[in-house]
Amino acid sequence: MNSAVIPTLVEDYYGDDKWMCMHKRFLMEAEEREPEVVLIGDFTIAMLAHTEVWEKYFVSMHCLNFGISEDKTQNVLWRIENGEIETMNPKIIVLSVGANNYENTAQEVVEGVRACVTAIRSYHNSAEIVVLKLFPCGQYPNPVREKINQINSLLEAELKASPNIQVVNLDPGFVQTDGTINHHDLYDYKHLTRRAYMQAFSPLSDLIQQLIRELTLPQAETPTLPDE
Amino acid sequence: MNSAAIPALVEDCYGDDRWMCMHKRFLIEAKEREPEVVLIGDFTVAMLSHTEVWEKYFVSMHCLNFGISEDKTQNVLWRIENGEVEFMNPKVIILSVGANNYENTAKEVVEGIHACLTAIRSYHPKAQIVVLKLFPCGQHLNPVREKINQINNLLEAQVKSLSNIQVVNLDPGFVQTDGTINHHDLYDYQHLTRTAYMQAFRPLSDLIQQLIREITLAVVETPTLPDE
Ligand SMILES: [Ca+2]
């Protein structure tokens with residue numbers, strides 16, 4: 001049994017009910033707003049909302065951010081299957097998850113990511129799905145970083161061929177030539193600094209704008225240029 | 001046996017060695033730089049260094065930030081007892097810890113904080129120590145928030161009277177009149193947004209500057225005003 005693919009809500013261990021409150025807030029935002037772009041996932045998505053690159057490039061694109069820092073694939077899967085993206089009609093959905101699935105193998109994590117993609121696809125047939133490769137971690141080379149490399153290779157191999165799905169590597173090269181990661185990029189060797197977010201996620205905003213243009217153009221042009 | 005007051009390093013559960021790498025980096029920074037102010041603790045301290053209030057008001061005061069997000073009192077205690085504040089001569093030390101000690105009672109958490117203070121004091125008999133009260137959590141009223149209130153009351157009662165130690169409440173009122181916390185202040189109902197950091201920590205920078213002025217004045221004035 002692969003825990004990464006079984007939709008699981010996060011139990012309220014401590015009694016502050018944080019996770020469920022966030023989920024309910026996302027449900028409200030999903031119904032109230034009409035996002036063109038939805039980002040869903042773990043800390044990579046959640047922390048993005050507190051950066052300059054978000055304020056500068058993403059807010060104006062009508063993006064919703066459904067990131068919960070500690071989520072694993074099975075938690076994001078539960079949120080997808082429980083209404084967070086059901087009641088909207090986004091053009092693009094960005095998924096970044098798997099980095100917290102420490103207890104799963106690379107293959108299991110990729111199955112978890114794929115389960116999320118399948119669930120998204122079941123609600124949104126023709127939306128463009130962008131799956132982010134995981135960022136490296138640890139100051140020095142280490143087993144977790146190696147597993148992340150495996151996950152990224154498997155994502156590339158197994159998902160890239162699917163229609164309307166892109167697997168994107170946003171890592172501008174956080175691992176330096178000596179194999180170390182600098183804390184000016186990943187301050188705790190796992191989470192990106194605001195500067196690193198600017199570097200890594202500006203290209204994603206370019207990609208999203210390009211995808212939106214492409215999705216908008218064919219509808220406008222098809223009648224006048226049927227042969228193209 | 002109170003786990004909160006027994007120094008404990010964080011085991012490398014996942015194999016990426018992140019915690020120890022951060023600790024070693026702090027040791028290097030402690031030796032290389034001559035901070036006037038050191039902040040040590042958990043996520044409240046760690047995330048502060050990624051905010052405008054830090055860049056604008058703290059950096060210029062020669063502050064070092066030794067925050068590790070997931071740390072409990074016993075982990076900060078371990079770091080204090082293993083060199084992070086030993087090889088420096090700071091005027092002011094800020095401590096913010098206890099918010100991650102879910103498994104401990106309020107009284108145990110305060111004993112853990114007390115143990116941190118005693119350890120700091122053993123290296124720096126004359127430094128001013130500022131202990132931050134914990135921020136509230138959860139969207140709605142909940143048991144964790146109540147425990148935080150108890151912790152804060154106990155800190156006030158037990159720690160405030162110690163010499164050269166201040167217990168400071170930086171919460172500008174994140175709990176609204178209906179008892180809820182807004183995600184524009186605490187985005188996941190635990191961690192402060194950048195605007196909330198500006199609001200809450202600006203007064204701390206004022207306090208630190210005031211303390212530094214008083215300490216500097218006292219040194220200058222003591223010889224000329226021996227009767228005071
Ligand atoms: Ca965290």
Side-chain angles (χ1 to χ4, degrees), chain A residues 10 12-26 28-29 43 46-52 54-55 65 67-71 99-104 136-148 180-184 186-197, chain B residues 10 12-26 28-29 43 46-52 54-55 65 67-71 99-104 136-148 180-184 186-197:
Chain A
V10 173
D12 183 28
Y13 296 109
Y14 305 131
D16 56 7
D17 207 28
K18 278 172 52 197
W19 193 85
M20 192 52 75
C21 287
M22 278 190 275
H23 167 62
K24 286 179 181 165
R25 171 156 60 83
F26 294 159
M28 281 173 54
E29 289 182 4
F43 59 86
M47 301 313 293
L48 173 63
H50 309 283
T51 62
E52 284 87 353
W54 178 262
E55 288 158 12
N65 185 312
I68 297 186
S69 286
E70 295 79 9
D71 269 15
N100 292 320
N101 286 71
Y102 291 105
E103 72 281 9
N104 296 110
C137 73
Q139 187 175 13
Y140 301 100
N142 66 78
V144 183
R145 210 196 276 176
E146 278 166 39
K147 196 179 91 173
I148 288 171
T180 64
I181 286 177
N182 192 304
H183 69 275
H184 293 297
L186 276 63
Y187 61 87
D188 60 357
Y189 311 115
K190 175 171 169 176
H191 300 92
L192 278 67
T193 61
R194 285 192 285 148
R195 199 187 68 175
Y197 262 110
Chain B
V10 173
D12 183 26
C13 302
Y14 306 130
D16 56 8
D17 206 29
R18 287 173 46 221
W19 192 85
M20 191 51 76
C21 286
M22 279 190 275
H23 166 63
K24 286 180 180 164
R25 171 157 60 83
F26 295 158
I28 293 171
E29 289 181 4
F43 58 85
M47 300 314 292
L48 173 64
S49 61
H50 307 284
T51 63
E52 284 85 355
W54 177 261
E55 288 158 11
N65 187 311
I68 297 185
S69 286
E70 294 80 8
D71 269 15
N100 293 320
N101 286 72
Y102 292 104
E103 71 281 7
N104 296 110
C137 73
Q139 185 176 14
H140 305 283
L141 293 174
N142 66 78
V144 183
R145 209 195 279 176
E146 280 166 37
K147 196 179 91 173
I148 287 172
T180 64
I181 287 178
N182 193 302
H183 68 274
H184 293 297
L186 276 63
Y187 61 87
D188 60 356
Y189 311 114
Q190 179 177 31
H191 301 92
L192 279 66
T193 61
R194 277 154 56 205
T195 52
Y197 261 111

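Order of the sequence lines sets the chain letters (A, B, ...), proteins ahead of strands, with each chain counted from 1. Because only heavy atoms are used, hydrogens play no part in the values below, and waters and symmetry mates are left out as well, while side chains stay in.
- Looking at A/Arg25, only its side chain comes within 4.5 Å of chain B, counting heavy atoms on both sides.
- Aromatic ring pairs are classed by plane angle as parallel below 30°, tilted from 30° to 60° and perpendicular above 60°; the pair A/Tyr102 and B/Tyr14 is parallel.
- Both the backbone and the side chain of A/Cys21 come within less than 4.5 Å of a heavy atom in chain B.
- Shortest non-hydrogen contact noted between B/Gly15 and A/Val144 is C-CG2, 4.1 Å.
- Options A/Tyr13, A/Tyr189, A/Tyr14 differ in how many heavy-atom pairs under 4.5 Å they form with chain B, and the most are formed by A/Tyr14.
- Heavy atoms closer than 4.5 Å to chain A are found nowhere in B/Thr195, neither backbone nor side chain.
- The distance from atom OG of A/Ser69 to atom OH of B/Tyr187, rounded to the nearest 0.5 Å, is 5.0 Å.
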>> Let's go through B/Glu55 and A/Arg194 carefully: what are the C-alpha distance in whole Å and the side-chain angles of both, what is the deciding distance for side-chain contact (heavy atoms from CB on, under 4.5 Å) to 0.1 Å, and is it a yes or a no?
In response: CA-CA 12 Å; B/Glu55 288 158 11; A/Arg194 285 192 285 148; 2.5 Å; yes
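- Of the atoms belonging to A/Tyr187, heavy atoms from both backbone and side chain fall under 4.5 Å from chain B.
- Most heavy-atom pairs under 4.5 Å with chain A: of the set B/Leu141, B/Thr51, B/Ile68, this distinction falls to B/Thr51.
- Within the 4.5 angstrom heavy-atom criterion, no atom of B/Asp17 approaches chain A.
- Residues A/Thr193 and B/His50 come closest through the heavy atom pair CG2-CE1, 4.2 Å.
- For the residue pair B/Gln190/A/Lys18, the side-chain donor-acceptor check at 3.5 Å is satisfied.
- Proximity to chain A involves both the backbone and the side chain of B/Glu52, based on heavy atoms less than 4.5 angstrom apart.
- Proximity to chain A (any heavy atom under 4.5 Å) is restricted, for B/Met47, to the side chain, taken from C-beta onward.
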> Stepwise, does the side-chain contact (heavy atoms from CB on, under 4.5 Å) test hold for B/Tyr197 with A/His50?
Replying inline: CA-CA 12 Å; B/Tyr197 261 111; A/His50 309 283; over 6 Å; no
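- Remark: the backbone N or O of A/Asp16 is not paired with any side-chain donor or acceptor of B/Arg145 at under 3.5 angstrom.
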> Could you go step by step and tell me if A/Glu52 and B/Arg194 meet the side-chain contact (heavy atoms from CB on, under 4.5 Å) rule?
Replying inline: CA-CA 11 Å; A/Glu52 284 87 353; B/Arg194 277 154 56 205; 3.8 Å; yes
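- Salt bridge annotation for A/Asp188-B/Arg18: present, with a cationic side-chain nitrogen under 4.0 angstrom from a carboxylate oxygen.
- In this structure, chain B has a heavy atom under 4.5 Å from the side chain of A/Met47, while its backbone stays farther away.
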